[in-house]
Amino acid sequence: LIQGSDAREGIATMNYLPLGYLFHLRGLHSVISPEASEQLDIYLGGFDATYNNVMGSVLDVTPKYPNGDNSGFLHLGVFDSSFGYDFKISEKMNGYIGARRSYVDLFYDQLVAKGKQNSELSFVQFPNYADATLFLTYNEENHLFTFESIAAQDDLIANNSIKDNTDPLINSEVALDQGFITYGLRWIYDDGEYSANTLLYQKNEHTNTDIFNKFHTYKDNQTSGLFHISTQNYDQHKLSYGGHIFESLSPIDYYVANVSSDDDPNPLNFTLSEQLDNEIVDLKYTNTKQYTASFIEDIYQYSDALKFRMGLNTFNSDVNTHKIKVDPRFSTSYTLNDYNNIGLSIGKYSQLPAENQQIEHFRNPTVYDEYSIHYSLHYQHHFRNNYTLEIEPFYRSFHDLVIRDSEATYINKGSGEAKGFDLSLFKKEDALFLYTTYSYVETARQTSTSNTTMYKTLSDIPHTLQVVTS
C-alpha cells in the first residue's frame, strides 16, 4: 500500500518496459539481476504525464546495459544461488545474462515426510522463487538497439494436511503460483538536443490461487504494446511527447465451491457464489481490451531556482466505450540554496478497472476507468556526505471507484481518500544505492452503493518502514 493505493493500482517498469512485479514475495529479492540495474526510481505519487493507466505509484528501473568486459559472478547461498555474466559478441554487440533460483522446494517433500512422523508439526510453509535477465545490445554511433527480457516465478504453499484431527474443511493447502516473462525490442537515439525511445514489447503474466480446494482462480494476462517518447531541448524548455498503444488478452478461470454446514451456512463467505445463487461457480471467461494513450509534457526552467513541469495525458479504451479522457498534471520546484529545495504537485491519474470487474457476468456493462487526484508538498535536503532527506505530506481523493451496486453488478459510484506523509532517506555513491522510507497513511473507501460508510482498505497499514539497497 503506497500513499493509500493498493498493489493493483501501482506498476513496475524498466525504462517503460512493463514488469509483472519487481520483487519476489513482496520484497525478498529484486527480479532483475543487480548487475543489470543502474538505479531504481520510486515515484510514490505526483509522477509525470508519460505514465498512463496507473493511479497509484510507479517503480521504474533504469537498466545497466552490458559493456562487453567479459566479467561475471557466481553466488552460492543457503537458500538460493545466482550468477551473472557480461560478455562481448562483436565489436558493436554485447550481452548480459543472469539468473537466480531458490532450492527450498528441492527438499520440501522430505520436510513433509518428516512432519507426518512428528505429531507436533502440523504446518509447513515454503517460498520458492526464480528469475532470469537477458540483455543483447547493438551500438551504432547515436543509435542503440536492444533486446531485453525479464522473467520471474514465485510459489508459496501453506500445507495443513499432516494432522488427522484437524477440521476437514481446512485439512488441505493454500497455494499461490505467480510469474511473468516480458520481452522488449528497443531503439534509443540521442544526439544531445533530441532523443527518442521506442519500445515494442510483450508481457505474459499468470496468477494461480487455490484456497482449501474450495476457491480457485487462474488468470493469464497477455499484453502486447508499442511505446514511444521523444524529447527535445530548446532554450529553457525540455519538451517530451509520445504515445502508448497496447492490447491485453486475459483468460480468467474461476471456481468456487460454496460448501455449507449446519453450524456455518457459508463458512468462507465467498460473495461470488452468493451473487449467482449457486453452490458451485465454475466460470471460464476471456477478457480483451484495447488501450491508446498520448502525452505531452514541458519542463520549463524559468530561472536557475524555479522550474515548472506541465503535462497532459489523454487516453481511450474499449472499456469506457472509446470516450477520450484527459489527465492534466502539474508540478513546480524551487531551489532555496545548494542544500534545500521545495516543491508541490497536483494531477489526475486514471486506471482501468480490475479484470474480474469487467466480466459480463459480474459487472454493469457501463463500467469505465477509475481515477484519483494527487496533491503533495515536497521538501528535500542534501547533506554533505551524499545523503538526501525528503519529506512529502500528501492527500489523495479517489473517484468513480468500481463498487458493488447489487448482488451481481459493479458500478462506478465509489469514492475514497488517503492522507499521510512519507519520510525518506537515500544515498547513491559509486556502486552503493540505499533507499529508506517511513510512511504514515490513513485511508477510507466506499465498498457498496447500499452502504455509504467509508472503510479502511484490507491492505491499510498505517505505519510502514521500507529499506531498499544494492
Side-chain angles (χ1 to χ4, degrees), residues 8-20 43 47-58 60 148 180 182-188 195-205 219-232 239-252 286-298 310-330 347-360 363-374 399-402 412:
R8 186 193 70 83
E9 296 166 355
I11 60 171
T13 62
M14 184 176 69
N15 194 11
Y16 299 104
L17 176 67
L19 307 175
Y43 303 111
F47 41 88
D48 62 54
T50 63
Y51 295 99
N52 53 74
N53 195 31
V54 54
M55 66 177 186
S57 60
V58 175
D60 183 67
E148 306 165 20
F180 75 91
T182 183
Y183 311 91
L185 290 173
R186 191 190 304 271
W187 167 55
I188 297 176
S195 63
N197 183 354
T198 302
L199 174 66
L200 179 67
Y201 69 86
Q202 177 169 318
K203 182 187 70 169
N204 299 330
E205 184 178 11
K219 183 171 63 176
D220 183 5
N221 178 265
Q222 303 171 26
T223 303
S224 301
L226 175 64
F227 175 86
H228 174 82
I229 179 173
S230 291
T231 303
Q232 289 180 289
L239 181 66
S240 298
Y241 53 91
H244 188 190
I245 302 172
F246 72 79
E247 182 178 61
S248 178
L249 179 68
S250 302
I252 300 174
T286 299
N287 184 46
T288 59
K289 59 186 177 186
Q290 295 178 337
Y291 186 96
T292 303
S294 61
F295 57 84
I296 184 169
E297 181 176 87
D298 181 33
M310 300 156 286
L312 286 176
N313 188 296
T314 65
F315 68 96
N316 69 78
S317 73
D318 50 5
V319 176
N320 55 31
T321 63
H322 293 288
K323 293 181 179 179
I324 296 178
K325 302 294 184 69
V326 179
D327 286 358
R329 300 169 190 178
F330 170 83
K348 180 185 176 187
Y349 299 85
S350 302
Q351 187 169 9
L352 299 180
E355 284 84 357
N356 66 297
Q357 294 170 341
Q358 301 172 33
I359 297 178
E360 293 289 344
R363 69 161 176 128
N364 186 318
T366 59
V367 163
Y368 48 90
D369 51 278
E370 308 167 300
Y371 73 93
S372 65
I373 306 293
H374 295 192
H399 307 270
D400 291 345
L401 297 180
V402 177
N412 291 83

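Considering all non-hydrogen atoms of both residues, Phe295 and Ala49 come closest at CB-O, 3.3 Å. Residues Asn313 and Ala293 share a closest heavy-atom pair of OD1-CB, 4.3 Å. Here the closest heavy-atom approach between residue Thr223 and residue Ser248 is recorded as OG1-OG, 3.6 Å. Between Pro18 and Thr182 the shortest heavy-atom distance is O-OG1, 3.2 Å.
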Are Glu148 and Met14 close enough, and set up right, to give a side-chain contact (heavy atoms from CB on, under 4.5 Å), and what steps lead you there?
-> CA-CA 10 Å; Glu148 306 165 20; Met14 184 176 69; 3.4 Å; yes

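Checked against the 6.0 Å centroid threshold, Phe315 and Tyr291 count as a close aromatic pair. Aromatic ring centroids of Tyr349 and Tyr51 lie 6.0 Å or more apart.
In this structure, the separation between OH on Tyr371 and NE2 on His399 is 4.5 Å, given to the nearest 0.5 Å. With rounding to the nearest 0.5 Å, the separation of CG in Asp48 from CD in Glu297 is 4.5 Å. Atom CZ of Arg8 is separated from atom CE of Met55 by 6.0 Å, given to the nearest 0.5 angstrom. Atom CG of Asp60 and atom CD1 of Ile11 lie 8.0 Å apart (nearest 0.5 Å). Distance CD1/Ile324 to OG/Ser317: 11.5 Å, rounded to 0.5 Å. In this structure, Lys203 NZ and Thr13 OG1 are separated by 10.5 Å, a value rounded to the nearest 0.5 Å.
Asp369 has its side chain within reach of Lys325: a pair of non-hydrogen atoms, C-beta onward, lies under 4.5 Å apart. At least one side-chain heavy atom of Asn53 sits less than 4.5 Å from a side-chain heavy atom of Leu352. The shortest distance between side-chain heavy atoms of Val326 and Leu312 falls below 4.5 Å. Between Leu226 and Leu199 there is no side-chain heavy-atom pair separated by less than 4.5 Å.
For the side-chain contact (heavy atoms from CB on, under 4.5 Å) test, residues two or more places apart in sequence or in another chain that qualify with Pro353 are Val319, Gln357, Gln358, Val367, Val402. Annotation: side-chain contact (heavy atoms from CB on, under 4.5 Å) contacts of Asn197 (sequence neighbours excluded): Asn15, Tyr16, Arg186, Ile188, Ile229. Residues passing the side-chain contact (heavy atoms from CB on, under 4.5 Å) test with Thr292, sequence neighbours excluded: Ile245, Asn316. By the side chain to side chain donor-acceptor pair (under 3.5 Å) test, Gln232 is found to be paired with Tyr241, residues two or more places apart in sequence or in another chain being considered. Scored by the side chain to side chain donor-acceptor pair (under 3.5 Å) test, Asp220 finds no partners at all (sequence neighbours excluded). Here Asp327 pairs with Arg329, Lys348 under the salt bridge (Lys or Arg N to Asp or Glu O under 4.0 Å) rule; sequence neighbours left out.
Judged purely by distance below 3.5 Å, without hydrogens or angles, the side chains of Glu370 and Gln351 never pair a donor atom with an acceptor atom.
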